[in-house]
Undergrad: 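Mind looking over this structure? Questions follow.
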Amino acid sequence: LAETDDAGLAYTWRSLAGHEVTNLKRLYTLLCTGSSALAPDVRKEAESYGLSLTLTTEAARGLFESVSTTRTRALPMRGTSFVGRDLELTELASLLARPACQLVTVLGVAGLGKTRLAVQFAFEQQALGVYADGVYFVALESLTKSSDFLGYLAQQLGVKQGEQEPLEQLEELLQNKHALLILDNFEHLIDAAPQFSNLLQRCPNVKTLVTSRERLNLEEEHSLTLSGLRFPQTLSGEDVS
């Protein structure tokens with residue numbers, strides 16, 4: 001994480017420490033990975049809770065390089081190297097760490113990098129082991145009918161077709177899981193948002209991240225609006241919608 005973003009990271013550190021001590025370890029790992037100047041301060045804060053953090057920068061980076069292929073096979077491939085969105089990644093982690101936050105929508109026009117941000121966030125959360133039952137990524141661009149949303153989602157999550165309705169199948173799969181579900185490109189399926197809300201109510205332990213050009217207009221929705229990067233990026237050959 002870039003040192004120029006330390007003010008935002010300091011806010012996140014305080015908010016995470018406020019409601020779950022174990023999040024200090026997760027945040028410390030991220031700070032060490034980016035050689036942030038805040039890492040020693042977070043280590044001292046952890047010690048005040050009786051938590052010893054001894055992770056080195058090299059060990060922290062190793063966490064992101066050693067994710068097993070069995071746990072990442074459901075995630076899309078990362079294209080070019082990822083830079084320039086450290087504050088957004090930290091804010092997403094902070095929002096989803098809140099007990100009352102189950103859904104975050106990343107908003108922005110086409111080309112800002114919503115998909116790339118979501119993919120990076122998925123890999124980082126999976127590498128840190130934040131979600132005991134894993135991270136699921138579902139691309140929605142090929143789905144054309146809102147009425148097929150739940151059936152499509154069940155299919156993409158590996159649910160075999162049966163006599164049950166898709167909502168019941170998804171509930172059976174997810175209701176007891178502590179997992180992160182990422183839905184990419186939701187904007188053409190806004191009519192399916194009430195179905196999605198119903199699923200979230202039945203699966204309270206599942207956290208969700210959605211990318212969209214439009215809000216889902218759900219009561220449980222929190223949002224993060226992307227703006228343009230502050231410096232040029234090379235994005236050739238990469239889907240950034």
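Note that the structure is a prediction, hence the values are computed from the model and not measured. Hydrogens, waters and symmetry mates are skipped; everything else that's a heavy atom, side chains included, is used.
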Undergrad: In Å and rounded to the nearest 0.5 Å, what is the CD to OH distance from Q126 to Y136?
TA: 10.0 Å

Undergrad: Determine, using the 4.5 Å side-chain heavy-atom cutoff (strictly less than), whether L92 and L107 are members of one ILVMFWY cluster.
TA: no

Undergrad: Go through the structure and list residues passing side-chain hydrogen bond (donor to acceptor under 3.5 Å, both in side chains) with Q201, not counting sequence neighbours.
TA: S197

Undergrad: Would you indicate whether the side-chain heavy atoms of H222 and T105 approach each other to under 4.5 Å?
TA: no

Undergrad: Can you name the residues that form a side-chain hydrogen bond (donor to acceptor under 3.5 Å, both in side chains) with Q169, not counting sequence neighbours?
TA: none

Undergrad: Kindly write out the residues that satisfy salt bridge (charged side-chain N to carboxylate O under 4.0 Å, His left out) with E168, not counting sequence neighbours, or none if the list is empty.
TA: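 Salt bridge (charged side-chain N to carboxylate O under 4.0 Å, His left out) check on E168 returns R202.
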
Undergrad: Considering residues at least two apart in sequence or located in another chain, which fulfil the salt bridge (charged side-chain N to carboxylate O under 4.0 Å, His left out) criterion with R215?
TA: none

Undergrad: T208: what forms a side chain to side chain contact (heavy atoms under 4.5 Å, CB included) with it, not counting sequence neighbours?
TA: L103, L181, F196, L200, V206

Undergrad: Which donor-acceptor pairs under 3.5 Å do the side chains of residues 143-153 make with protein atoms, sequence neighbours left out?
TA:
| unit_1 | atom_1 | unit_2 | atom_2 | d |
| --- | --- | --- | --- | --- |
| Y152 | OH | A139 | O | 3.0 |
| Y152 | OH | S142 | OG | 3.2 |

Undergrad: In terms of heavy-atom contacts, does CD of E172 have more than 12 from other residues, nucleotides or ligands at under 6.0 Å?
TA: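 Not buried by this count: 12 neighbours or fewer within 6.0 Å.
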
Undergrad: Which salt bridge (Lys or Arg N to Asp or Glu O under 4.0 Å) pairs, counting each pair once, include a residue from residues 189-200, with sequence neighbours left out?
TA: none

Undergrad: Taking the side chain as C-beta and beyond, is there a heavy-atom pair between N198 and P194 under 4.5 Å?
TA: no

Undergrad: Could you check whether any side-chain heavy atom of L173 comes within less than 4.5 Å of a side-chain heavy atom of E171, counting everything from C-beta outward?
TA: no

Undergrad: Taking C-beta and beyond as the side chain, do K177 and N205 meet within less than 4.5 Å on heavy atoms?
TA: no

Undergrad: Could you list the residues that satisfy side chain to side chain contact (heavy atoms under 4.5 Å, CB included) with A118, not counting sequence neighbours?
TA: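 Partners of A118 under the side chain to side chain contact (heavy atoms under 4.5 Å, CB included) test: F137, I182, L209, T211.
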
Undergrad: Kindly determine whether L180 and V130 satisfy side chain to side chain contact (heavy atoms under 4.5 Å, CB included), including the steps that lead there.
TA: CA-CA 9 Å; L180 174 64; V130 177; over 6 Å; no

Undergrad: Are the side chains of V104 and L96 in contact, using a 4.5 Å heavy-atom criterion?
TA: yes

Undergrad: Identify, with sequence neighbours excluded, every residue that meets side-chain hydrogen bond (donor to acceptor under 3.5 Å, both in side chains) alongside E214.
TA: none

